[in-house]
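Each remark here refers to the structure printed beneath this line.
Residue numbering restarts at 1 for every chain, and letters A, B, ... go by the order of the sequence lines.
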2 protein chains.
Amino acid sequence: MPPTPSTFLNGIPELLVLRLLRDREMYGYELVQAIREASADQLTFAEGVIYPLLHTLERDGALSTRRQTINGRSRVYYSITPTGNERLDALSAHWRALTGAIANILKAPHHA
Amino acid sequence: MPPTPSTFLNGIPELLVLRLLRDREMYGYELVQAIREASADQLTFAEGVIYPLLHTLERDGALSTRRQTINGRSRVYYSITPTGNERLDALSAHWRALTGAIANILKAPHHA
DNA sequence: TATATATACCTATAATCGATAGGTATAGAT
DNA sequence: ATCTATACCTATCGATTATAGGTATATATA
């Protein structure tokens with residue numbers, strides 16, 4: 001049986017959302033596409049993943065929101081907060097440590 | 001709230017077990033410690049994670065087993081099968097593609 | 001001798017989180 | 001008039017790691 005669709009993806013939506021919002025504020029629908037485009041279609045998280053995540057991050061104080069109506073459509077813009085930046089730094093460091101350790105194991109010819 | 005203990009770890013136990021067994025056969029208890037040691041304590045998966053995983057991989061034909069009693073203690077040695085090697089190759093390729101895409105996004109100054 | 005630790009196996013349950021499949025509503029294109 | 005794109009939302013499923021148990025033998029220690 002094949003690997004499940006979410007293999008290796010635990011925590012990735014949060015990492016990417018925080019990373020993208022570090023550059024500029026974005027709204028949910030925009031983030032869904034930005035992740036897909038920034039990864040050349042290698043990573044596609046649907047709205048059912050991103051929206052609940054944004055709500056949780058806002059509830060945790062990592063993001064703040066601003067509502068705006070454009071062309072009759074309502075948008076919710078998300079901005080990263082200082083708390084969110086700290087979280088991004090922590091997640092990034094954790095990510096680098098883990099991927100570094102795993103890369104070592106994958107490429108090592110032997111494991112003393 | 002802090003990241004959960006399993007952040008970024010989905011699929012990693014399977015990847016590492018297959019990778020370690022590619023070098024030589026090992027038994028479950030040995031694998032638990034080998035993963036911890038090979039990662040310099042950065043990755044620690046308890047027996048409650050590794051044993052059920054080994055059973056699943058064996059059931060899927062990715063691993064084969066050999067029972068042996070040593071010093072009055074019973075061991076179950078696991079060896080990787082051709083199916084398991086194919087699975088390892090697929091997982092490794094998937095892992096490299098994902099981590100590559102994520103590394104790009106993390107380090108990019110802007111996302112056109 | 002008795003006890004604690006290490007070895008070696010196992011399972012059951014909880015908690016998290018991505019995947020999927022819905023649903024509402026407006027704008028614009030066919 | 002219909003379909004697609006935009007833009008938001010929630011509910012439920014499934015897979016997987018985390019945790020906490022449980023059994024049993026060998027060995028080291030008090």
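Counting any heavy atom pair closer than 4.0 Å across all strands shown, B:Gly48 reaches a base atom. B:Glu14 comes within 4.0 angstrom of no nucleic acid atom, judged by non-hydrogen atoms across all strands.
If you measure from atom CD of B:Glu47 to atom P of D:dT23, you get 15 Å, rounded to the nearest angstrom. Here D:dA24 presents its C1' atom at 15 Å from CZ of B:Arg75, a figure rounded to the nearest Å.
OP1 or OP2 of C:dC9 has not a single side-chain nitrogen or oxygen of B:Tyr27 nearer than 4.0 Å. Side-chain nitrogen and oxygen atoms of B:Ser74 include none within less than 4.0 Å of the OP1 or OP2 phosphate oxygen of D:dT25. Under 4.0 angstrom from either OP1 or OP2 of D:dT10 there lies at least one side-chain N or O belonging to A:His55.
If A:Asn71 and A:Asn10 are placed on DNA chain C by their nearest nucleotide, the residue sitting closer to the 5' end is A:Asn10.
Taking the six-membered ring for Trp and thresholds of 30 and 60 degrees, B:Phe8 and A:His94 have ring planes inclined between 30 and 60 degrees apart.
For the pair A:Phe45 and A:Val17, the minimum side-chain heavy-atom distance is 4.5 Å or more.
You'll find that the side chain of A:Tyr51 is closest to D:dT10, out of D:dT10, C:dA19, C:dC9.
Considering every non-hydrogen atom in both A:Ala34 and A:Met26, the closest pair reads CB-CE, 3.4 Å.
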